[in-house]
Amino acid sequence: MARRPHPRRGYPGVLPAHRGHGYATDILAEITRLVATDTTPAPAHIRADTDLTNTPMSTALTRLHYHNTTRRLILSTP
């Protein structure tokens, strides 16, 4: 596979019927691996973010040793 000049970006998700099995952590680990190995030049840091209320993704990021560097809360009205 050719190395890319820019890291991938996206919004990983797990369907409701498959949540609670650690798949988000597995998906995030694979995305992290791909960004680290498929980006030229290799990134010094890989950053990910999620909304404060997204506890499952926050947990997955913590499991993979991502560090909290910013806080974000998206508020919307119906």
Validation: residues 52-59 side-chain donor-acceptor distances under 3.5 Å, sequence neighbours left out:
unit_1: T53; atom_1: OG1; unit_2: D51; atom_2: OD2; d: 2.6
unit_1: N54; atom_1: OD1; unit_2: M57; atom_2: N; d: 3.2
unit_1: N54; atom_1: ND2; unit_2: T50; atom_2: OG1; d: 3.2
unit_1: S58; atom_1: OG; unit_2: N54; atom_2: O; d: 3.2
unit_1: T59; atom_1: OG1; unit_2: T55; atom_2: O; d: 2.9

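To the nearest 0.5 Å, atom CD1 of residue I31 and atom CG of residue D38 are 13.0 Å apart. Note that CZ of R33 and CG of L28 are 13.0 Å apart. Values are rounded to the nearest 0.5 Å. Note: L61 CG to N68 CG = 9.0 Å, rounded to the nearest 0.5 Å.
The two residues P12 and I27 have their closest heavy-atom pair at CB-CG2, 3.7 Å.
In this view, R47 satisfies the side chain to side chain donor-acceptor pair (under 3.5 Å) rule with no residue, not counting sequence neighbours. With sequence neighbours excluded, the residues forming a side chain to side chain contact (heavy atoms under 4.5 Å, CB included) with I46 are T32, V35, A36, P43, Y66, listed by chain and number.
Residue pairs satisfying the side chain to side chain donor-acceptor pair (under 3.5 Å) criterion with at least one member in residues 13-23, sequence neighbours excluded, are absent.
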